There are 2 protein chains.
Amino acid sequence: MASNRPHAAAPSQEVALIGRLTQQRAIVLEALMAVEGFVGAQALHNRLTGDGTPVGLTTVYRTLTAFAEAGRADIVRDGNGERLFRYRPGPDHRHYLLCTECGLSRPVDSDPVETWARKIARTSGFTNVRHTVELSGICPDCREGTAPSPNGGRPA
Amino acid sequence: MASNRPHAAAPSQEVALIGRLTQQRAIVLEALMAVEGFVGAQALHNRLTGDGTPVGLTTVYRTLTAFAEAGRADIVRDGNGERLFRYRPGPDHRHYLLCTECGLSRPVDSDPVETWARKIARTSGFTNVRHTVELSGICPDCREGTAPSPNGGRPA
DNA sequence: GTTTTTGCAAAGCTTTTGCAATCCG
DNA sequence: CGGATTGCAAAAGCTTTGCAAAAAC
């Protein structure tokens with residue numbers, strides 16, 4: 001539904017950022033870029049295996065971690081302790097509103113948070129201040145028909 | 001060093017919220033309340049064992065989870081996939097600035113974020129919108145003498 | 001006395017590491 | 001060629017579950 005982004009051409013340059021240009025890394029990064037929003041390493045691995053381009057799970061983990069460390073991907077933790085990765089197009093980052101039912105993610109305007117975080121960083125005396133902001137909820141689609149309430153209906 | 005809060009009296013009422021009033025649950029909740037900020041289940045278990053009030057790790061997990069489900073505790077994930085729990089005194093919550101070196105946590109003014117999150121919740125079409133905001137950095141103490149830069153010195 | 005709760009041991013999960021074979025440059 | 005990279009298998013870490021003994025009501 002919401003994931004028909006024309007995935008960019010083979011990201012050779014991006015791959016080069018983390019070491020040698022290998023087929024596997026290109027595959028992993030391409031798959032990452034093709035996904036809108038966040039994906040788990042295992043989900044990505046499954047997708048690749050299904051696509052007929054099997055890449056070792058270890059390699060997927062290593063590649064994604066390397067990209068994150070190179071500043072080309074963001075990481076969040078989902079509710080089960082799984083790490084989700086998202087390709088980061090530019091130097092600045094966005095924040096997303098994640099649907100806890102279907103995993104749909106939608107970017108939100110996060111300027112106020114950025115400003116707030118910068119102010120905290122300035123006035124706190126702390127250095128290297130980083131922030132993680134995660135919004136989650138149930139998207140309109142899931143609310144209506146698709147999923148009754150696998151959550152148990154707990155209020156906020 | 002920074003955790004000398006006069007821990008509240010035995011929280012019988014709170015315990016009752018999640019089932020039978022048992023010694024172990026009282027111990028766990030009391031320990032949770034005595035901590036300022038977030039604690040991991042294992043850390044709490046260690047502390048209790050050291051205090052001479054050994055409680056099974058399983059029980060700590062179950063009790064904390066139950067409290068969280070009863071809405072009396074908040075949960076965040078730290079960078080290693082560990083779940084950290086914090087007793088929630090009231091219906092509203094605070095956000096903290098965590099030192100990545102020593103674990104010190106300091107509450108920060110989070111009104112702007114709350115306002116922002118509420119606005120997103122209103123305008124997004126999502127329901128049950130929750131937010132997680134985590135600020136981390138290196139506190140002044142750690143910056144000066146204790147730890148040179150175990151982080152590797154990566155900028156924000 | 002009955003039902004919940006406890007706690008040990010074992011399993012479950014995601015993620016990381018060791019190491020020989022392989023591929024890139 | 002030489003060194004980085006791959007991938008399988010095994011390990012690591014945190015959390016959950018099964019089940020008999022113990023405690024609460």
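A, B, ... follow the sequence lines: proteins, then strands. Residue 1 opens every chain. Please read these numbers as outputs of a predicted model, since none were measured by experiment.
Here the C1' atom of nucleotide dT5(D) and the CG atom of L29(A) are 16 Å apart, to the nearest Å. Taking atom CG of L57(A) as the reference point, atom P of dT17(C) lies 14 Å away to the nearest angstrom. Look at CG on L21(B): it is 16 Å from C1' on dT3(C), rounded to the nearest Å. The nearest whole Å value for the distance from the CG atom in L64(B) to the P atom in dT6(C) is 12 Å. Put simply, CD on Q23(B) is 13 Å from C1' on dT5(C), counting in whole angstrom units.
Annotation: side chain of Y61(B) is not in contact with side chain of R83(B) (no heavy-atom distance under 4.5 Å). Taking the side chain as every heavy atom from C-beta outward, L135(A) and V108(A) approach each other to under 4.5 Å. Under the 4.5 Å side-chain criterion, counting only non-hydrogen atoms from C-beta, V60(A) is not in contact with Q24(A). Side-chain contact check for V39(B) versus R86(B): every heavy-atom pair is 4.5 Å or farther apart. Taking 4.5 Å as the limit, every side-chain heavy atom of Y87(B) sits out of range of all side-chain heavy atoms of D74(B). Two residues are said to be in side-chain contact when any heavy atoms from C-beta on lie closer than 4.5 Å; F85(B) and L44(B) fail this criterion.
OP1 or OP2 of dT6(C) sits under 4.0 Å from a side-chain N or O of R25(B). At dC23(C), none of the side-chain N or O atoms of T22(A) fall inside 4.0 Å of OP1 or OP2 (strictly under the cut-off). Side-chain nitrogen and oxygen atoms of T58(B) include none within less than 4.0 Å of the OP1 or OP2 phosphate oxygen of dT6(C).
The backbone N or O of R20(A) lies less than 3.5 Å from a partner atom in the side chain of R25(A), making a donor-acceptor pair. A distance-only check finds a donor-acceptor pair linking the side chain of H45(A) to the backbone of V55(A) [under 3.5 Å].
The residue among Q24(B) and F85(B) whose nearest nucleotide of DNA chain D is located toward the 5' end is F85(B).
Each end of the helix from dG1(C)-dC25(D) to dG25(C)-dC1(D) gets its own axis, taken as the rotation carrying the C1' atoms of four end pairs onto the next four within a five-pair window, and the two axes meet at 40° to the nearest 10 degrees.
Checked against dG25(C), dG7(C), dT6(D), the side chain of R62(A) finds its nearest nucleotide in dT6(D).
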Tabulate atom names and distances for all N/O pairs under 3.5 angstrom spanning the protein and nucleotides 11-14 of chain C.
| from | atom 1 | to | atom 2 | distance (Å) |
| --- | --- | --- | --- | --- |
| dT14(C) | O5' | Q42(A) | NE2 | 3.4 |

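When all heavy atoms are compared, the tightest approach of P112(B) to D109(B) is CD-OD2, 3.8 Å.
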